[in-house]
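In what follows, a single structure is set out as structure tokens and then discussed.
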2 protein chains.
Amino acid sequence: MPRARIKDPLLKLPGYVLRRASAAALAELNQRLARLDLRHADVAMLMLIESSPGITQSQAGHVLAIQRANMVPFVARLEGRGVLQRRQVDRRSQALDLTRRGRMLLVRARRVVAAHEAALLKRVPDRLRPMVLPILMALWNRDRP
Amino acid sequence: MPRARIKDPLLKLPGYVLRRASAAALAELNQRLARLDLRHADVAMLMLIESSPGITQSQAGHVLAIQRANMVPFVARLEGRGVLQRRQVDRRSQALDLTRRGRMLLVRARRVVAAHEAALLKRVPDRLRPMVLPILMALWNRDRP
DNA sequence: CACGATTGCTATACTATATAGCAGTTTAGC
DNA sequence: GCTAAACTGCTATATAGTATAGCAATCGTG
């Protein structure tokens, strides 16, 4: 006989469920991206640079909430991989651009991300689906784009 | 003149916003808990043990998604702090129980968590609020409790 | 022009999470 | 009952993500 089923007393706490949902989704996404040898943050960066070519390193860090210090090895890795290149915009700022290779990789990465996002949304009942993004944005406290 | 405002092209992706919202909420909670010298995982553990006294270490790890290997220093720290105690239930399993000190700390921690959760929900417009938990549970893929 | 703010960087540290393997123990199937 | 499989706690180790402090050079503004 299996021991009495343990109940998770935290399931009523939105903050807790938010964390668990995020962790699960992130792990899933990273697994999907593994075959492109990418992590979720890489794709976020590529998409951001594509959207704002020539964005500076510090601006990118600001948008993605990556600290200056952590941007250094992060960008260096992507540059070393040949998916982005840095360009001196003045004598302290580095502008970032996708390389041809980066753009091609991004095409594939975007497909993976799209599949992931679709899978996520599909778990939500139809009637609730339109509320997903507004609620997440509100929880993020980022209603103003 | 300020450079053209950079737009975050990821704001339409629920998975991305989920991650950002989770990270922001978690940082906020940990800050609130700092004055009790607790982290979010500590409180989760305390609440779980309170809800299921005598739960074994491995069961607790299973519910909270903490791996066996990582449970060891985690539980040791809480035990060293005198908020929980371990009890040998058979010759391999450790049952966990709150100490008196643990129960008293939990009372205060729960107030902090409640304030945090309330603050989270308050950011969501009234009409959407009832959908928060169902949506997060669905995204977690954990509809079945 | 001078001062404060910004940028990229190094070094470092801490948290969270993950894997592999081990010894002892319990459970389940035969 | 005995053996094989599964489980438990543990050590050791590795990686990812995040955080702080401080530095030198540079830029923007008053």
Side-chain angles (χ1 to χ4, degrees), chain A residues 1-3 6 16 18-20 22-31 33-34 37-45 54-81 84-96, chain B residues 1-3 6 16 18-20 22-31 33-34 37-45 54-81 84-96:
Chain A
M1 164 194 122
R3 219 159 295 144
I6 302 287
Y16 176 75
L18 175 65
R19 178 172 74 78
R20 296 295 300 265
S22 169
L26 203 55
E28 192 185 313
L29 175 58
N30 279 331
Q31 222 167 342
L33 287 172
D37 194 22
L38 286 171
R39 285 165 254 171
H40 66 98
D42 300 338
V43 182
M45 179 65 97
I55 189 175
T56 68
Q57 191 167 311
S58 82
Q59 286 175 317
H62 209 266
V63 172
L64 299 179
I66 302 175
Q67 316 225 2
R68 271 179 305 146
N70 299 327
M71 282 292 285
V72 179
F74 180 49
V75 166
R77 191 169 54 80
L78 291 175
E79 187 182 29
R81 211 174 139 177
L84 64 79
Q85 57 188 19
R86 299 192 296 174
R87 166 172 51 90
Q88 203 91 19
V89 63
D90 55 41
R91 277 205 278 188
R92 57 178 176 177
S93 298
Q94 303 282 344
L96 305 178
Chain B
M1 166 194 121
R3 219 159 295 148
I6 303 287
Y16 176 75
L18 176 65
R19 178 173 76 79
R20 296 294 300 266
S22 169
L26 202 56
E28 192 184 313
L29 175 59
N30 279 331
Q31 222 167 345
L33 287 171
D37 193 23
L38 286 172
R39 284 165 255 171
H40 66 98
D42 300 337
V43 182
M45 178 64 98
I55 189 175
T56 68
Q57 192 167 311
S58 81
Q59 287 174 316
H62 210 267
V63 172
L64 298 179
I66 301 174
Q67 316 224 3
R68 272 178 306 146
N70 300 326
M71 283 292 286
V72 179
F74 180 50
V75 167
R77 191 169 54 80
L78 291 174
E79 187 182 30
R81 212 176 138 176
L84 64 79
Q85 58 188 19
R86 298 193 296 173
R87 167 172 50 91
Q88 202 91 19
V89 62
D90 56 39
R91 277 204 279 186
R92 58 179 174 175
S93 299
Q94 304 280 345
L96 304 177

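Values in this document were obtained by computation on a predicted structure and should not be read as measured data. Letters A, B, ... mirror the listed sequences (proteins, then strands); counts begin at 1. When reading the values below, keep in mind they use all heavy atoms of this one structure, side chains included, and skip hydrogens, waters and symmetry mates.
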Next on the checklist: Whether T56(A) contacts dT7(C) is assessed here as follows: a side-chain N or O lying under 4.0 Å from the phosphate OP1 or OP2. Is that the case?
Outcome noted: no

Next on the checklist: Between C1' on dA18(C) and CG on N30(A), what's the gap in Å once rounded to a whole number?
Outcome noted: 13 Å

Checklist outcome for this item: Of the listed dC10(D), dT17(C), dG8(C), the closest approach to the R86(B) side chain comes from dC10(D)

Checklist entry - Could you give the angle between the helix axes at the two ends of the helix from dC1(C)-dG30(D) to dC30(C)-dG1(D), with five pairs per end, rounded to 10 degrees? => result 40°

Item to check | Candidates dT19(C), dG21(C), dG22(D) - which lies nearest the side chain of R68(B) | outcome: dG21(C)

Checklist entry - side chain to side chain contact (heavy atoms under 4.5 Å, CB included) with V89(B): which residues, sequence neighbours excluded? => result T56(B), S93(B), A95(B)

Next on the checklist: With a 3.5 Å cut-off and heavy atoms only, can you find an N or O donor on one side and an acceptor on the other between the side chain of R92(A) and the base of dT6(C)?
Outcome noted: yes

Checklist entry - Can you name the residues that form a salt bridge (charged side-chain N to carboxylate O under 4.0 Å, His left out) with R87(B), not counting sequence neighbours? => result D97(B)

Item to check | Separation of atom CD in Q94(A) from atom P in dT26(D), rounded to whole Å | outcome: 12 Å

Taking only N/O atoms, report every protein-nucleotides 1-4 of chain D pair under 3.5 Å with atom names and distance.
none

Checklist entry - Do any of residues 69-77 of chain A sit with a heavy atom less than 4.0 Å from DNA chain C, and if so which? => result A69(A), V72(A)

Checklist entry - Hey, does the side chain of R39(B) come within less than 4.0 Å of dA16(C)'s phosphate (OP1/OP2), counting only N and O? => result yes

Next on the checklist: Going by the rule salt bridge (charged side-chain N to carboxylate O under 4.0 Å, His left out), which residues pair with R68(B) if we only count those two or more places apart in sequence or in a different chain?
Outcome noted: none

Checklist outcome for this item: Rounded to the nearest 0.5 angstrom, the CD-CZ distance for Q57(B) and F74(B) is 10.5 Å

Checklist outcome for this item: Residues passing the side chain to side chain contact (heavy atoms under 4.5 Å, CB included) test with L64(B), sequence neighbours excluded, are L10(A), Y16(A), A44(B), M45(B), L48(B), I66(B)

Next on the checklist: Under 4.0 Å, heavy atoms only, any strand: does Q57(A) hit a base, just the sugar-phosphate, or nothing?
Outcome noted: sugar-phosphate

Checklist entry - Taking OP1 and OP2 of dT26(D), is either one under 4.0 Å from a side-chain nitrogen or oxygen of S93(A)? => result no

Next on the checklist: Under 4.0 Å, heavy atoms only, any strand: does H40(A) hit a base, just the sugar-phosphate, or nothing?
Outcome noted: sugar-phosphate

Item to check | Set of salt bridge (charged side-chain N to carboxylate O under 4.0 Å, His left out) partners for E28(A), sequence neighbours left out | outcome: R32(A), R123(A)

Next on the checklist: Could you work out, with side chain to side chain donor-acceptor pair (under 3.5 Å) as the rule, every residue matching R77(B), not counting sequence neighbours?
Outcome noted: D42(B)

Next on the checklist: Run the side chain to side chain donor-acceptor pair (under 3.5 Å) test against Q88(B) and tell me which residues pass, sequence neighbours left out.
Outcome noted: Q94(B)

Checklist entry - Counting just side-chain N and O atoms, does Q67(B) come under 4.0 Å of either OP1 or OP2 of dA18(C)? => result yes

Checklist outcome for this item: Between CG of L26(A) and P of dG17(D) the distance, given in whole Å, is 8 Å

Item to check | Sequence-distant partners of E79(A), side chain to side chain donor-acceptor pair (under 3.5 Å), two or more places apart | outcome: R86(A)

Checklist entry - Which part of the nucleic acid does R91(A) contact within heavy-atom distance under 4.0 Å: base, sugar-phosphate only, or nothing? => result sugar-phosphate

